[in-house]
K.L.:
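Below are the structure tokens for one structure; questions will follow.
Because the structure is a prediction, the values reported are computed rather than measured. Each chain gets a letter, A, B and so on, in the order the sequences are listed, and its residues count up from 1.
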Amino acid sequence: MAASKVLKVASRAAELAASIGAGLAKAALAVKIDGKLSDLSLPITGDAKVEIITRKSAEALELIRHDTSHVMAEAVQELFPGTQVTIGPSIENGFYYDFARNEPFSTDDFPKIEEKMREIMKRNAPIERKVMSRADAIKHFEGKGEAYKVELIRDLPEDQTITIYQQGAWGDLCRGPHLPSTGTIGGAFKLTKLAGAYWRGDSKNAMLHRIYGTAWRDDKELADYLMMIEEAEKRDHRKLGRELDLYHFQDEAPGSVFWHQKGWAVYRCLEAYMRRRQDATGYTEVKTPQLYDSSLFKASGHWDMYGDKMFKVQIAKSNEEGSRDETLGLKPMNCPGHAQIFKQGIKSYRDLPIRMSEFGNCHRNEAHGAMHGLLRVRQMTQDDGHIFCTEAQIMEESLQFCKLVSETYTDMGFKIHRVRLATRPDVRGGTDEVWDKAEGAMHAALKAAGFEYDLNEGDGAFYGPKIEFYLRDAIGREWQCGTLQCDFVLPERLDIAYIGEDGQKHRPVMLHRATLGTFHRFMGVLVEHYAGKFPFWMAPIHAVVCTITNDADGYAEEVYQKLLDAGLRVQIDLRPEKINAKIRDHSLQKVPAILVVGKKEAEGQSVAIRRLDGQAQEVVGLTEAIERLVKEATPPDLLRKKGL
RNA sequence: GCUGCCGUAGCUCAGGGGUAGAGCACGUCCUUGGUAAGGACGGGGUCCGCGGUUCAAUUCCGCGCGGCAGCACCA
């Protein structure tokens, strides 16, 4: 809870809290002065809007995590002398601290470190802010052999106040703010994992040892979080893919996917959906080659920029003089191919916009460590598209695409949760003038679409700014899937043009866009979001017909055939197993509907429908059952079209 | 690619310098049972690959391949 009060005299935040009430004084952890988070002990001078931060506020959680990281660093240095400290911030759900040490840590060290941390928290030493001169600070850390801290101080801007936060005998260079004492942290934390991390995030630098932890306000929050992690493990798409027989991976094809029938059925659903949506919104679907001569990628700029991540094929070509080598590249994206189709014949301004789509299969030689199940692969298919348009059309086209993304995500069971605009990176193509234009257009489109968005500075593509659409899954995780990129550079490089009203050649703008992103990644997200229980319309198997005894086999076959004829994805289970076993097997396979048939149903031309996760059964006439299932299996866009 | 960990049956995993085990799955037979596991028996392994140490390596060491976590990367 935040309290605010206008203060006219110089005071300390702690005193202010006390003046409001003893309860608040006790609960106060930090203070926000004119919107800036500060230590409770800091004086407030002049007129200021002051908010007292208590345990319940969002800022408190950040402080708890940051302080826990300091306590961990103190514990580690007590337990492992000779270890140097570097940095240790709070992050989403917790904190980490990077240490420099020859010997790596082991997770076996965690209990020891955690115990020491609790001991430090119990000591409840006050956390005190000390201002030091640059020279003193350097001397201080040099004396302790903390080379990384010295480097940090040396790199701080001249006018930066250098502060050290001291808790008992241990202190750390830190801009703060911090809680009043180590005892106020609360102790709802757990060390979670171990990893290497580069000093200052640069792979040229030394590798440090990072210890991750999670920290919360109280034990209940911690338990909830740990439960969420467990839930995420249960939903792991790699595990579910195997268990549900959707797809598999194997060593001989690293970074690629073997789609099994069931996984492919879902994939086909997504593809069919996107094809219908794009066909309905003025896209022309094309298919372009996989292999191109290197000259095309040299022209587009990709060869220089990403050549080392492309799969290249060398072939020998012979002519009169002998043979020479020619290098082809497997396409890592579809845009140069689409530009070639655009270039065929002469395009008029009357032809624009041209919305070209392709379920394009691309190859990228991703680093080993980057690959992750379906979420990051070396061979993927995008629901790619390029809109060739005039500058004046950027806004309208962007708006239309935003609408498509929005509706698509809703149909898939998500909402757009966050939109970001990634702006010009350091290494980029095109002039600043062109970038100004492209970024300006993207800002305008986002505003017109009514999206709240934030900036992701410096994270744009090398040819243009990028709108990133994020969705949130069932357990609160964010995923970036869809994207819209505005490109003035590639049309220039590949020399594509249209004839304007004035009879002159003009450059079109290319909008690169993908709604689901890649089918691979989106499938992974879907599996985890639904924990394998897909909505009926995209379920790999809609229904299984199960017999009670083999006496009903004949009728079951009839039911099965009728469902197949109705276009449903159906299986039949005639095994001489008990119905309990069949129910269990198909429930574990997460089939949404089990149709049980026995003597009674055969006599009454009916089926007993049992839903996944439901215990009740419903006996329905066969004709009605088929009608109902067919409707449920109808994709949401087609339901709308039919007005159902 | 980097750091750490890992690679044993289809899957999940135990074991350990003397050529290997469980549960599930699979096969055969019995069972025909009304809504989340019926029973019996059985088959199954280049212990990731290649080198080294050793009388002997799945086990120890090195290299390679692949995976996991994180970092870096992500047109």
K.L.:
May I ask you to establish whether A:Lys190 and A:Trp216 are in a cation-pi arrangement, using a distance under 6.0 Å from NZ or CZ to the six-membered ring centre and at most 45° from the ring axis?
P.N.:
no
K.L.:
Whole Å only: how far is the NZ atom of A:Lys600 from the C1' atom of B:G34?
P.N.:
6 Å
K.L.:
Taking pairing as Watson-Crick or G-U wobble with both contacts under 3.5 Å, can you name the mate of B:C68, or confirm there isn't one?
P.N.:
B:G4
K.L.:
Do any N or O atoms of the protein come closer than 3.5 Å to N or O atoms of nucleotides 26-32 of chain B, and which pairs are they?
P.N.:
from: B:U32; atom 1: O2; to: A:Asn550; atom 2: N; distance (Å): 2.8
from: B:U32; atom 1: O2; to: A:Asn550; atom 2: OD1; distance (Å): 3.4
from: B:U32; atom 1: N3; to: A:Asn550; atom 2: OD1; distance (Å): 2.5
from: B:U32; atom 1: O4; to: A:Asn550; atom 2: OD1; distance (Å): 3.2

K.L.:
Would you mind reading off the distance between A:Arg428 atom CZ and B:C74 atom P, rounded to a whole angstrom?
P.N.:
15 Å
K.L.:
What interatomic distance, in whole Å, is found between C1' of B:A40 and the corresponding atom of B:U31?
P.N.:
11 Å
K.L.:
Using the C1' atom on both, measure B:A9 against B:G44 and round to a whole Å.
P.N.:
7 Å
K.L.:
Run the ring-centre check on A:Tyr463 versus A:Phe488 and record whether the distance is less than 6.0 Å.
P.N.:
no
K.L.:
Nearest whole Å is fine: how far is B:C74 P from A:Gln480 CD?
P.N.:
13 Å
K.L.:
What's the gap between B:A56 and B:C71 when it is taken at their P atoms, as a whole Å value?
P.N.:
46 Å
K.L.:
Using the P atom as the reference point in each nucleotide, state the distance between B:G51 and B:C47 in Å, no decimals.
P.N.:
14 Å
K.L.:
Looking at A:Ala215 and A:Arg65, what are the two nearest heavy atoms and their distance?
P.N.:
O-NE, 2.9 Å
K.L.:
Indicate, with yes or no, if the rings of A:His386 and A:Phe342 have centres closer together than 6.0 Å.
P.N.:
no
K.L.:
Among A:Met72, A:Gln84, A:Arg210, which residue satisfies the side-chain contact (heavy atoms from CB on, under 4.5 Å) criterion with A:Phe99?
P.N.:
A:Met72
K.L.:
Tell me the partner of B:C60, counting only Watson-Crick (N1-N3 plus N6-O4 or O6-N4) or G-U wobble (N1-O2 and O6-N3) with both under 3.5 Å; none if nothing fits.
P.N.:
B:G52
K.L.:
In whole Å, what is the span from the CZ atom of A:Arg521 to the P atom of B:A75?
P.N.:
12 Å
K.L.:
Please report the distance, rounded to the nearest Å, between CD in A:Glu366 and P in B:C2.
P.N.:
17 Å
K.L.:
Considering only side-chain heavy atoms of A:Lys578, which listed nucleotide, B:A36, B:G33, B:G67, is closest?
P.N.:
B:G33
K.L.:
Identify which nucleotide among B:C74, B:G38, B:A36 has an atom closest to any side-chain atom of A:Arg364, counting heavy atoms from C-beta outward.
P.N.:
B:C74
K.L.:
Using the P atom as the reference point in each nucleotide, state the distance between B:G62 and B:C5 in Å, no decimals.
P.N.:
11 Å
K.L.:
Whether the side chain of A:Gln250 and the base of B:G67 hold a donor-acceptor pair under 3.5 Å is what I'd like checked.
P.N.:
no
K.L.:
Got a sec, which residues hit side chain to side chain donor-acceptor pair (under 3.5 Å) with A:Trp199, two or more places apart in sequence or on another chain?
P.N.:
A:Glu151
K.L.:
Could you check whether A:Glu468 gets within reach of a base, just the sugar-phosphate, or nothing at all, counting any heavy atom under 4.0 Å?
P.N.:
nothing
K.L.:
Who are the side chain to side chain donor-acceptor pair (under 3.5 Å) partners of A:Asp236, not counting sequence neighbours?
P.N.:
A:Arg238
K.L.:
Below 3.5 Å between N/O atoms, which protein atoms pair up with nucleotides 69-72 of chain B? Just atom names and distances, please.
P.N.:
from: B:A69; atom 1: OP1; to: A:Arg238; atom 2: NH1; distance (Å): 3.3
from: B:A69; atom 1: OP1; to: A:Arg238; atom 2: NH2; distance (Å): 3.0
from: B:A69; atom 1: OP2; to: A:Arg238; atom 2: NH1; distance (Å): 3.4
from: B:A69; atom 1: OP2; to: A:His372; atom 2: ND1; distance (Å): 3.1
from: B:G70; atom 1: O3'; to: A:Tyr212; atom 2: OH; distance (Å): 3.0
from: B:G70; atom 1: O2'; to: A:Tyr212; atom 2: OH; distance (Å): 3.2
from: B:C71; atom 1: O4'; to: A:Gly196; atom 2: O; distance (Å): 3.4
from: B:C71; atom 1: O2'; to: A:Tyr198; atom 2: N; distance (Å): 3.3
from: B:C71; atom 1: N4; to: A:Gly369; atom 2: O; distance (Å): 3.4

K.L.:
Specify the separation, in whole Å, of atom NE2 of A:His248 and atom P of B:G10.
P.N.:
13 Å
K.L.:
So, OP1 or OP2 of B:U12: does either fall under 4.0 Å of a side-chain N or O from A:Arg242?
P.N.:
yes
K.L.:
How is A:Ile579 classified with respect to the nucleic acid when contacts are heavy atoms under 4.0 Å: base, sugar-phosphate, or nothing?
P.N.:
sugar-phosphate
K.L.:
For A:Val597 and for A:Lys309, locate the closest nucleotide of RNA chain B by heavy-atom distance; then report the residue assigned to the nucleotide nearer the 5' terminus.
P.N.:
A:Val597
K.L.:
For nucleotides B:G67 and B:C48, find the distance between their C1' atoms and express it as a whole number of Å.
P.N.:
11 Å
K.L.:
Could you go through A:Thr214 and A:Asn93, starting from their C-alpha distance and side-chain angles, then the distance that decides it, and tell me whether this counts as side chain to side chain donor-acceptor pair (under 3.5 Å)?
P.N.:
CA-CA 6 Å; A:Thr214 184; A:Asn93 301 325; over 6 Å; no
K.L.:
Looking at every strand, decide which applies to A:Ala608 at a 4.0 Å heavy-atom threshold: base, sugar-phosphate, or nothing.
P.N.:
base
K.L.:
So, does A:Gln340 use its side chain to make a donor-acceptor pair with the main chain of A:Cys335 at under 3.5 Å?
P.N.:
no
K.L.:
Nearest-nucleotide wise, let me know which of A:Ile609 and A:Glu243 is further upstream toward the 5' end of RNA chain B.
P.N.:
A:Glu243
K.L.:
Closest to the A:Pro254 side chain: B:A75, B:G38, B:G67?
P.N.:
B:G67
K.L.:
Without hydrogens or angle criteria, can the side chains of A:Glu468 and A:Tyr470 be said to hold a donor-acceptor pair below 3.5 Å?
P.N.:
yes
K.L.:
Looking at A:Glu233, is its backbone amide N or carbonyl O close enough to the side chain of A:Lys239 to form a donor-acceptor pair, meaning the two atoms are under 3.5 Å apart?
P.N.:
no
K.L.:
Between B:G66, B:G34, B:A75, which nucleotide has the shortest distance from any of its atoms to the side chain of A:Gln485?
P.N.:
B:A75
K.L.:
Looking at B:C24, which nucleotide sits across from it as a Watson-Crick or G-U wobble partner, both distances under 3.5 angstrom, or is there none?
P.N.:
B:G10
K.L.:
Please determine, for B:G43, whether a Watson-Crick or G-U wobble partner exists with both distances under 3.5 Å, and give it or none.
P.N.:
none
K.L.:
Would you indicate what A:Tyr463 reaches in the nucleic acid, counting non-hydrogen atoms under 4.0 angstrom: base, sugar-phosphate, or nothing?
P.N.:
sugar-phosphate
K.L.:
In whole Å, measure the gap between the C1' atoms of B:G45 and B:A25 for me.
P.N.:
16 Å
K.L.:
Partner of B:A36 by Watson-Crick or G-U wobble geometry, both contacts under 3.5 Å, or none?
P.N.:
none
K.L.:
Using a heavy-atom cut-off of 4.0 Å across all strands, would you classify A:Lys582 as base, sugar-phosphate, or nothing?
P.N.:
nothing
K.L.:
Rounded to whole angstrom units, what separation is found between the CG atom of A:Asp426 and the P atom of B:C73?
P.N.:
11 Å
K.L.:
Mind checking the P distance from B:G18 to B:C11? Whole angstroms is fine.
P.N.:
26 Å
K.L.:
Whole-Å distance between B:G4 P and A:Tyr96 OH?
P.N.:
19 Å
K.L.:
Under 4.0 Å from OP1 or OP2 of B:A75: is there any side-chain N or O of A:Lys466 that close?
P.N.:
yes
K.L.:
With sugar-phosphate meaning primed atoms plus P, OP1 and OP2, does A:Leu588 contact a base, only sugar-phosphate, or nothing at under 4.0 Å between heavy atoms?
P.N.:
base
K.L.:
State which residues pass side-chain contact (heavy atoms from CB on, under 4.5 Å) with A:Arg493; sequence neighbours excluded, sorted by chain then number.
P.N.:
A:Val489
K.L.:
Side-chain N or O of A:Asn580 versus OP1/OP2 of B:U35: is the shortest distance under 4.0 Å?
P.N.:
no
K.L.:
For residues 583-605 of chain A, which residue pairs pass the salt bridge (charged side-chain N to carboxylate O under 4.0 Å, His left out) check, not counting sequence neighbours?
P.N.:
A:Arg575-A:Asp585
